[in-house]
Amino acid sequence: MASSRDDFIIAIRSAFLKKSTKQKFSLLTLVLISVLIILLSSLDFKIIRYLKIGISEVVYRSSFVVSIPENLIKKSVKDIVDYSTFYKIYKKEKNELNQLRSNNISSEITQFENKELKELINNYVSSADKILAKIIVDHDSPFLKSIIINKGSKDNIKIGTNIYDQSYLVGRVIEVNYKTSRVLLLSDLNSNVPVTIAPQNIQAIITGAGDEYGQIKYIKKGFTNDFSEQSIVYTSGTGAIFKSGIPIGRLKISEDEKSKNYIVEFYSDFSQLKYVFAEVVTETEIVSVDEKNSQEKDNLKNPMSAKLKILEDEIQIIEETNSKFKDENENLKSEVNRLNNEILNFENQIQSQKKTISQFDLDKKELGFLRLNLEYGHKCRKTFLNIKGFAVGTSEYKKCVLNKGRINE
Amino acid sequence: MSNLSTKNSLHKLYSWLPIIVLFISVLNEFDFNYLNLKYFSFNFPFILIFFFTLKDFKHFDYFLVFIAGLINDTVVGLPLGISSLSYTLICIATSYLRNITIRPNAIKDWFYFLFIISLINSMNYSILTLFFTYNLELVGYLINTFFTFSFYMIFVTIFKYYIKGLND
């Protein structure tokens with residue numbers, strides 16, 4: 001008996017402590033290191049946290065590279081399945097798309113209204129930017145449902161950041177590294193989400209089932225009677241972990257012999273995720289009108305800023321006067337041009353009138369001559385009886401007519 | 001001459017293959033989960049570590065196994081050190097078995113493997129639920145243990161072929 005116990009102790013000691021030539025560490029050392037690491041990580045020691053972040057940065061990238069062949073197989077399997085059910089899915093999705101298009105318009109209106117109301121309620125506006133993130137590791141572990149995305153603290157990702165597939169909720173960030181983050185999926189057993197079940201408007205909490213669906217928990221018995229297969233589950237925003245109004249899935253009732261089970265079928269298929277959206281929220285404070293005025297008053301109290309204010313006002317006045325002068329100048333210029341044009345017109349008019357007058361004078365003279373010619377022409381014209389007369393058309397003839405006959409007559 | 005050096009490097013790579021496969025499996029979590037069979041999962045690193053440490057394989061360094069555990073924790077998202085402790089415990093168990101065994105027997109090894117992985121999975125489950133307040137499904141662990149145990153003999157056959165090829 002004693003020798004058997006000795007053998008056991010020798011074997012154990014040998015197993016723990018014996019370090020063969022090819023081994024660098026004894027197993028006891030490694031066990032102690034492991035236990036130490038576990039203890040320190042349970043106490044959330046800084047060194048372990050940084051060590052984990054360091055390892056994560058390298059391991060996630062390596063894991064992504066190593067997973068390429070497996071992902072290729074996954075993709076091929078999925079492609080084959082997709083092709084076989086392609087037409088059926090197409091028909092179904094076409095109908096859904098038409099329905100969604102009509103719903104989308106009313107949803108947008110509600111969003112605007114919601115934003116406005118939130119602005120009125122809160123002192124700040126939270127503007128959310130959704131950034132696209134690629135899933136670099138998705139192993140679909142049987143124990144923990146999580147994914148690794150290629151965005152980290154560098155991209156303002158924080159613990160608790162909501163992750164979406166299109167507009168559907170996928171999960172939240174539980175671990176942030178510099179360039180990568182781990183997202184806990186809604187299907188994980190550790191995921192708890194406060195939700196509202198519409199149209200009954202019942203508050204509940206859904207937890208992951210470790211599978212592709214969620215379970216409704218923490219709800220009073222009487223309320224479940226109102227549930228129907230058409231009920232929609234979306235986040236209630238209670239606890240401020242998730243934003244309110246994000247669609248999660250549809251309620252499904254499965255009946256056993258003993259009881260009814262209420263499960264949530266997620267809208268998003270977590271096994272098919274390739275890219276997700278991470279919602280980076282930035283909060284900016286709204287400055288009210290009163291605060292603005294008080295800020296201006298404060299500014300005036302400071303003499304330097306008061307001087308600057310006066311100078312600014314002066315500059316503004318000068319600029320305004322300048323612009324007025326400029327306008328006036330422009331008006332005067334256009335007036336001068338108009339008057340010049342008018343003068344030119346008048347001059348032209350005078351010229352034409354002068355011409356007319358001179359023509360009139362000429363005509364008058366001619367007429368007077370013709371009248372005198374009729375009366376006294378026979379006295380001046382050279383004829384057989386009047387030898388002393390002049391030939392018609394000569395200047396002597398004209399002179400004679402104008403003199404009303406010859407002078408010595 | 002160059003042919004000889006190529007042969008040598010190939011042989012070296014071949015002899016390091018188990019540890020390379022271990023690292024690939026922890027990085028990739030090699031367990032056929034993408035087949036989407038309900039509850040189906042098995043722990044390939046357990047089989048690999050158990051077999052090669054039991055055979056006292058020359059390139060299967062305990063420290064590298066420990067590092068593989070740390071990587072596995074990072075990939076899976078478990079607290080750091082859990083898998084390292086599990087893998088090291090397998091190494092201790094195999095070392096102990098090697099010391100007390102005079103005539104090795106495959107069936108005995110197989111059931112000893114079942115005992116060890118059950119013990120380690122129970123320990124893992126206890127640590128995670130008690131110290132880290134994780135919600136875990138016990139059924140999942142039991143089924144994982146069952147499939148790991150079932151696949152042991154298949155992989156052992158493959159590994160034996162590998163060792164035979166290396167010795168030849």
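Chain letters run A, B, ... following the sequence lines, proteins first, then strands; residues in each count from 1.
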Can you tell me how far the OG atom of A/Ser41 sits from the CD1 atom of B/Ile82, to the nearest 0.5 Å? 7.0 Å

Once you round to the nearest 0.5 Å, how far does CG of B/Leu136 lie from CG of A/Leu189? 7.0 Å

So for B/Phe132, is it side chain, backbone, both, or neither that comes closer than 4.5 Å to the heavy atoms of chain A? side chain

Go through the atoms of B/Thr133 and report whether side chain, backbone, both or neither lie under 4.5 Å from a heavy atom of chain A. backbone

Heavy atoms of other groups near A/Ile47 CD1, more than 12 under 6.0 Å: no

Closest heavy-atom contact between A/Asn190 and B/Asn135? OD1-N, 2.6 Å

Which residue out of B/Leu78, B/Leu128, B/Leu97, B/Thr94 racks up the most heavy-atom pairs below 4.5 Å with chain A? B/Leu78

Kindly check if the number of other-residue, nucleotide or ligand heavy atoms within 6.0 Å of CZ (B/Phe146) is above 12? no

Taking every heavy atom of A/Leu30 against every heavy atom of B/Phe66, the minimum-distance pair comes out as O-CE1, 3.7 Å

Top of A/Thr207, A/Val65, A/Ile55, A/Leu36 for chain B proximity - count of heavy-atom pairs under 4.5 angstrom: A/Ile55

Rounded to the nearest 0.5 Å, the OG1 atom of B/Thr88 sits from the CG atom of A/Leu28 at a distance of 10.5 Å

Determine whether more than 12 heavy atoms belonging to other residues, nucleotides or ligands lie under 6.0 Å from atom OH of B/Tyr14. yes

How long is the straight-line distance from CD1 of B/Ile24 back to OG of A/Ser62, given to the nearest 0.5 Å? 11.5 Å

If you measure from OG on A/Ser34 to CG on B/Leu80, what distance do you get to the nearest 0.5 Å? 9.5 Å

Part of B/Leu64 within contact of chain A (heavy atom distance under 4.5 Å): neither

Quick one: CG on B/Leu70 to NZ on A/Lys52, what's the gap to the nearest 0.5 Å? 10.5 Å

My understanding is that only one of A/Leu51, A/Val59, A/Val58 makes a side-chain contact (heavy atoms from CB on, under 4.5 Å) with B/Thr74; could you say which? A/Val59

